[in-house]
Amino acid sequence: MPSSIPIAAHFATHLATYFAAFGAALVLTLCACAWLTPRTWWRRPNARALGVLAAGTAAGGALLLALFDRPPAAQMAEAPVSTLDVPVAGAPYRVRDALNLRVAGGIGAERLLVVPGGARVIATGRRDGDWWQVRATLDGKPVEGWASSLWLRRADER
């Protein structure tokens, strides 16, 4: 799994992009309002002026993001797919912390049991988004269910 430092840097970059886009949109909205609306609108704060500023900033910021920020799908398409990010059938994984094994993928699915942290599970190779189907042996009984891949580590990973 990647370390949290690149994720934090990625988040900070996107946060800065959003602040820049919506900040520029606010400035452009203020300029447009100064030129295109009657001066009497701006003598006292009122709901109409606030609505115009909010709508202009939201629309302008969204437009600037659409024009200048690359969509996440394009970024993901460029990133090479690592075989470590997908479940390999028969590969052992270690449970990071107590893990809810479920009958289907998703937090709304019924919980079968809790696999203790440090236990080993085997991936079946089936996947549903971030949810992987795994097999485990608990108390001498084999069990199969779905687990969030966020709680799994490769067996050779520390």
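Heads up: numbering here begins at 1 and tracks the sequence.
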Beyond-backbone contact of [X] with [Y], side-chain heavy atoms, under 4.5 angstrom:
X	Y	value
R153	Y93	no
P92	V121	no
D128	W146	yes
I107	S148	no
T124	E144	yes
N46	L50	no
V95	L152	yes

Next item on the list: Identify which one of V115, L113, V134 satisfies the side chain to side chain contact (heavy atoms under 4.5 Å, CB included) criterion when paired with V143.
Entry: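 Option passing the side chain to side chain contact (heavy atoms under 4.5 Å, CB included) with V143: L113.
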Next item on the list: Would you mind telling me which of T29, V27, L28 makes a side chain to side chain contact (heavy atoms under 4.5 Å, CB included) with T57?
Entry: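 Per the side chain to side chain contact (heavy atoms under 4.5 Å, CB included) rule, the option paired with T57 is T29, out of T29, V27, L28.
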Which heavy atom in [X] sits nearest to a heavy atom in [Y], and how many Å separate them?
X	Y	result
A25	G61	CB-N, 3.2 Å
L101	A147	CD1-CB, 4.1 Å
R102	A109	NH1-O, 2.7 Å
A21	L64	O-CD1, 3.4 Å
L112	G145	CD1-CA, 4.1 Å

Notebook entry, point to check: With the 4.5 Å side-chain cut-off for hydrophobic clustering, are V88 and W131 part of the same group?
Noted result: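 As far as the 4.5 Å side-chain criterion goes, W131 and V88 are not connected within one cluster.
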Check: How far does CD1 of I122 sit from CZ of R135, to the nearest 0.5 angstrom?
Finding: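 Interatomic distance, I122 CD1 to R135 CZ, rounded to 0.5 Å: 8.0 Å.
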Note to self: Just verifying a value: how many Å separate W132 CH2 and L150 CG, rounded to the nearest 0.5 Å?
What the structure shows: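 W132 atom CH2 to L150 atom CG measures 9.5 Å (nearest 0.5 Å).
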